Protein chains: 2
Amino acid sequence: MTDSTPRRRVRAGRPALSREHIVEAALSVLRAEGLSKVTMRRVAQELDTGQASLYAHVANTAALHAAILDELTAGVESERSGTWDNRLESLLFAYSRVLFTYPGLARSALVLRPMGQHTLRLIDRVLELLLEGGIAPDRAAWGVDLLLQHVTATAAEHAPPAPGERADREGAGTADASLAAAIREADPERTPRVAAMACELLSGPHEVRESWAIRALLHGIAGTPVRGAEAAPF
Amino acid sequence: MTDSTPRRRVRAGRPALSREHIVEAALSVLRAEGLSKVTMRRVAQELDTGQASLYAHVANTAALHAAILDELTAGVESERSGTWDNRLESLLFAYSRVLFTYPGLARSALVLRPMGQHTLRLIDRVLELLLEGGIAPDRAAWGVDLLLQHVTATAAEHAPPAPGERADREGAGTADASLAAAIREADPERTPRVAAMACELLSGPHEVRESWAIRALLHGIAGTPVRGAEAAPF
DNA sequence: ACCTGAACACCGTTCAAGT
DNA sequence: ACCTGAACACCGTTCAAGT
């Protein structure tokens with residue numbers, strides 16, 4: 001907004017570097033080649049400059065990834081009709097879809113804790129829906145974290161390797177499969193319950209489990225007092 | 001396992017390399033220098049060999065990290081007395097303590113999904129306690145995931161930078177602080193609820209929030225039917 | 001079958017020097 | 001103030017050659 005006169009000197013058509021341009025370039029690299037290629041070097045190359053130039057606008061690689069995720073969060077919206085809890089679920093699913101599209105980003109998100117404007121909007125919207133559902137403000141405030149954490153962690157866990165993200169012979173994609181194998185082959189002596197309940201542990205398509213999880217979270221958030229040390233009624 | 005030997009005393013007479021020796025060496029590097037130093041090169045150096053040698057016993061770096069975490073999980077146990085839910089909470093806290101000690105490991109755990117014998121034991125124990133609490137088996141089976149996911153994600157989010165894990169001027173440690181700042185400075189126009197509830201959003205010491213979260217999860221798991229598509233009663 | 005040195009193909013970040 | 005090339009200090013993984 002400050003520079004209305006782009007001084008394109010070296011090479012025609014090359015605008016001055018800016019945080020905005022950098023994030024834009026990073027996004028295009030992300031879409032084309034996956035998060036593993038969103039490196040300072042690769043993004044700088046995309047902008048026809050040296051990697052060192054980016055550090056004037058972005059603190060480090062983690063900050064760049066956080067900025068990307070916040071940008072992608074801009075498009076996350078809930079359905080406009082339906083009950084509050086259905087709209088909330090659709091909002092979380094929309095966010096989940098972004099994270100599943102770029103699993104590497106989901107994996108970083110828990111650490112990055114991106115707090116850009118779009119992420120704040122998302123938090124605000126979740127809060128709004130929880131309050132609309134009549135959930136006590138103090139429980140709603142603590143519940144937001146729980147809901148977004150769950151969605152993010154789930155994407156990090158279950159999302160397939162994705163575009164250019166090392167789909168090796170045994171990448172992150174087989175994590176689910178090897179987990180299933182480990183549970184199915186559980187020793188009935190050492191881990192009797194896992195062995196006995198292998199079926200239940202591995203049952204259900206992802207969507208159904210996810211829907212259950214969100215309902216369980218809402219149920220727990222709504223029904224668990226913040227102050228009282230007394231046990232919740234089971 | 002004996003540790004706290006500053007110099008490589010491991011493989012004194014250079015016995016054959018084995019997966020066990022490698023994990024042991026990796027653990028000692030972890031304890032001394034943090035996860036970021038648990039690299040194929042550094043561990044190989046610890047064993048006085050070339051990095052390529054490790055690949056005969058460990059698939060890749062991720063597998064090595066998973067093996068380490070499973071090993072650390074061996075010591076995780078619940079208190080022996082108290083109500084089932086208090087014992088469960090103590091079990092989760094014990095696991096949490098391991099993850100908080102090596103935050104980098106927590107950060108990887110969601111992706112790694114380590115499924116060694118000790119992790120299976122932990123799952124078995126959680127299942128046992130849920131069933132003891134009278135929670136329906138199908139809900140308990142799906143609930144285990146939710147509980148362990150939460151603990152892991154929380155450690156990944158909130159754990160401080162730790163030993164040798166890049167405690168830079170703006171490492172992962174300030175994530176919490178910058179998040180707090182972002183919420184406190186939230187624009188009342190764009191994000192009115194975040195601005196209005198900043199206090200509630202940021203309130204409470206970690207332990208209290210964590211205890212609330214686990215109670216909320218248990219409450220939700222116990223009270224949310226797996227099959228029924230009907231909304232849970234709020 | 002296991003072990004090894006060396007190489008390949010990358011990283012993030014810093015810094016002195018330019019403009 | 002911004003930009004740059006070059007360098008520093010690392011990575012994971014592969015591979016041909018050894019034993």
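Here is how names work: the chains are called A, B, and so on, in the same order as the sequence lines, proteins then strands, and each is numbered from 1. Quick caveat, the model's predicted, so the values are computed rather than measured. The figures here come from the full heavy-atom set of this structure, side chains too, leaving out hydrogens, waters and symmetry mates.
The separation between B:Asp48 atom CG and C:dC2 atom P is 21 Å, rounded to whole Å. Rounded to an integer number of Å, the gap from B:Ile22 CD1 to D:dG12 P is 14 Å. The separation between B:Leu54 atom CG and C:dG5 atom C1' is 14 Å, rounded to whole Å. Atoms CD (A:Gln51) and P (C:dT14) sit 13 Å apart, rounded to a whole Å. Rounded to an integer number of Å, the gap from CG of B:Asn60 to P of D:dC11 is 16 Å. Atom-to-atom, CZ of B:Arg41 to P of D:dT14 comes out at 13 Å; the value is rounded to the nearest Å. B:Met40 places its CE atom 16 Å from the C1' atom of D:dC10, with the value rounded to the nearest Å.
A donor-acceptor distance shorter than 3.5 angstrom exists from the side chain of B:His65 to the backbone of B:Val38, with no hydrogens or angles considered.
Proximity of A:Leu201 to B:Asp145: side-chain heavy atoms (C-beta onward) are nowhere separated by under 4.5 Å. Between B:Leu147 and B:Leu130 there is a side-chain heavy-atom pair separated by less than 4.5 Å.
Between A:Ala52 and A:Arg42, the one whose closest nucleotide on DNA chain C sits nearer the 5' end is A:Arg42. Taking the nucleotide of DNA chain D with the nearest heavy atom to each of A:Gly50 and B:Ala62, the more 5' of the two is matched to A:Gly50.
The residue from A:Ser211, A:Ser96, A:Ser78 that alone fulfils the side-chain hydrogen bond (donor to acceptor under 3.5 Å, both in side chains) condition with A:Glu89 is A:Ser211.
Taking only side-chain nitrogens and oxygens, B:Thr39 never comes nearer than 4.0 Å to OP1 or OP2 of D:dC10. Put simply, B:His57 has a side-chain N or O that comes within less than 4.0 Å of OP1 or OP2 on C:dC3. At least one side-chain nitrogen or oxygen of B:Thr61 sits closer than 4.0 Å to the OP1 or OP2 atom of D:dT13.
Within the structure, side-chain hydrogen bond (donor to acceptor under 3.5 Å, both in side chains) pairs that include any residue of residues 179-190 of chain B do not occur (at least two apart or interchain). Sorted by first and then second residue, the salt bridge (Lys or Arg N to Asp or Glu O under 4.0 Å) pairs involving residues 62-78 of chain A (not counting sequence neighbours) are A:Glu77-A:Arg80.
Among the heavy atoms of the strands lying under 4.0 Å from A:Ser53 is at least one base atom, whether or not backbone atoms are also near.
Nucleotides C:dC2 and D:dA17, compared at atom C1', are 13 Å apart to the nearest Å.
In secondary-structure terms, DNA chain D builds stems of at least 3 consecutive Watson-Crick or G-U pairs, each pair having both distances under 3.5 Å, at C:4-8 with D:12-16, C:12-16 with D:4-8.
In this structure, the ring of A:Tyr95 has its center no less than 6.0 angstrom from the ring center of A:His118.
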